[in-house]
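What follows is a set of notes on a single structure, which appears directly below.
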Amino acid sequence: MGHKSIPVLETKRLVLRGPKPEDYSAFKATFASYRSRFMGGPLNAYETWMLYASEIGHWEIRGYGMWMVHLKETEETVGMAGGWFPAKWPEREIAWIIWPDKAGKGYALEATDRVRRYFYTEGGWETAVSYIDPKNLDSIRLAERLGCAKDHAAPSVDGNDAVYRHPTLAQLQGQTGHGIAMEIAHYQDPLFKPKGFAID
C-alpha cells in the first residue's frame, strides 16, 4: 500500500509529523519506563528499537500510522498519536502516548482529536476503536473525554483489553464534538489550571 508523504497536521499548540530517526530518544526513554506498563513495557533496548522501527514501517505498510507530536513553540516532542493496525488487531485503532514529563497539559486530547478528524474526513474511516488495559484508568478517562463508549460486543486483541468505540463523524459534528472543542480550548488557555481528576 505505502504512502507518498506523511501529512503534517496542526492544532493551536501542536504540530504532528511522521516519526523520524531523530525522535527516537524520547520514545526509547518512555517505553523503557514504568509509563509503558499498559502497552507491553517496560521494554529493553532491542524491543524498543523494534517497536520504533515498526512505527515508521507502519506508514509504509498501511498508508497511515502514528504521528510524533511536537510543540509549536519549541519543536520538542511530547508524545505520539495516530492510527495503529498491526497483525492480530480486529480493527483499526486510534492510539496515543504522552511522555511522562509532559502529561497533564491536554496534549493527548488535542492531538488525538486532530488525528481522528483527519482519519474521518481525509482517510475515509467510518469508525475506530481504542484497545485499553482495564487498569489504565488515565487512558480510559481520556477515551471517555474523547466521546468514546465501551463496546462490549467488539472483539478485543487478546481478551485482556477493553474496547472503546469512538464517536462517528456525525456525532462529532454535534454536541459531543462541541464539548471536546471546549475542553481543548481550556487547555490552550495559558491561565487554565486543571484540577480534580487524572489527566493525560
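Just so you know, these numbers come straight off a predicted model, no measurement behind them. The basis for the numbers below is simple: all heavy atoms, side chains too, and nothing from hydrogens, waters or symmetry mates.
Considering only heavy atoms from C-beta on, Glu55 comes within 4.5 Å of Trp84 through its side chain. Using a 4.5 Å heavy-atom threshold, the side chains of Asp23 and His70 count as touching. Contact check for Arg116 versus Ile180: side-chain heavy atoms found under the 4.5 Å cut-off. Between Arg145 and Leu109 the shortest side-chain heavy-atom distance falls below 4.5 Å. Between Pro7 and Trp67, the closest side-chain pair of non-hydrogen atoms falls below 4.5 Å. Using a 4.5 Å heavy-atom cutoff, the side chains of Glu76 and Lys102 are in contact. Counting heavy atoms from C-beta outward, Tyr107 and Tyr187 have side chains that stay 4.5 Å or more apart. For the pair Leu146 and Trp96, the minimum side-chain heavy-atom distance is below 4.5 Å.
Interatomic distance, CZ of Arg17 versus OG1 of Thr77, reported as 11.0 Å (0.5 Å rounding). Summarising the geometry, atom OH belonging to Tyr46 is positioned 12.0 Å from atom CG belonging to Leu51; distances are rounded to the nearest 0.5 Å. To the nearest 0.5 Å, atoms CG (Leu169) and CZ (Arg117) are separated by 7.5 Å. The line from CZ of Arg92 to CD of Glu126 is 8.5 Å long, rounded to the nearest 0.5 Å. Atoms OG1 and CD1, from Thr112 and Ile97 in turn, are 11.5 Å apart once rounded to the nearest 0.5 Å.
Residue pairs meeting the ring-ring contact (aromatic ring centres under 6.0 Å, His included) criterion with at least one partner in residues 166-186, sequence neighbours excluded, are His186-Phe192. Residue pairs meeting the side chain to side chain donor-acceptor pair (under 3.5 Å) criterion with at least one partner in residues 150-163, sequence neighbours excluded, are Asp151-Arg165.
With respect to Lys72 and Glu10, a salt bridge is recorded, a charged nitrogen being found less than 4.0 Å from a carboxylate O.
Of the candidates Leu142, Ile140, Ile94, Tyr164 forms a side-chain contact (heavy atoms from CB on, under 4.5 Å) with just one, namely Ile140.
Leu14 and Met182 are not part of a single hydrophobic cluster, where members link through side-chain heavy atoms under 4.5 Å apart. Note on Val69: it does not cluster hydrophobically with Val15, by side-chain heavy-atom contacts below 4.5 Å among ILVMFWY residues. By the rule that hydrophobic residues join a cluster once side-chain heavy atoms approach within less than 4.5 Å of another member, Ile6 and Val8 end up as members of separate clusters.
For Asp101, there are no salt bridge (Lys or Arg N to Asp or Glu O under 4.0 Å) partners, not counting sequence neighbours.
Between Met80 and Pro19, the closest heavy-atom pair is CE-CB, 4.1 Å. Closest approach of Cys148 and Pro167 over heavy atoms only: N-CD, 4.0 Å.
Here the side chain of Tyr24 pairs a donor or acceptor atom with the backbone of Trp49 at under 3.5 angstrom. For the pair Gln171 (side chain) and Thr168 (backbone), a donor-acceptor distance under 3.5 Å is present. When atom types are taken as modelled, the side chain of Trp59 and the backbone of Met66 share a donor-acceptor pair closer than 3.5 angstrom.
The aromatic rings of Tyr64 and Trp125 lie perpendicular to each other, with more than 60° between the two planes, well past the 30° mark.
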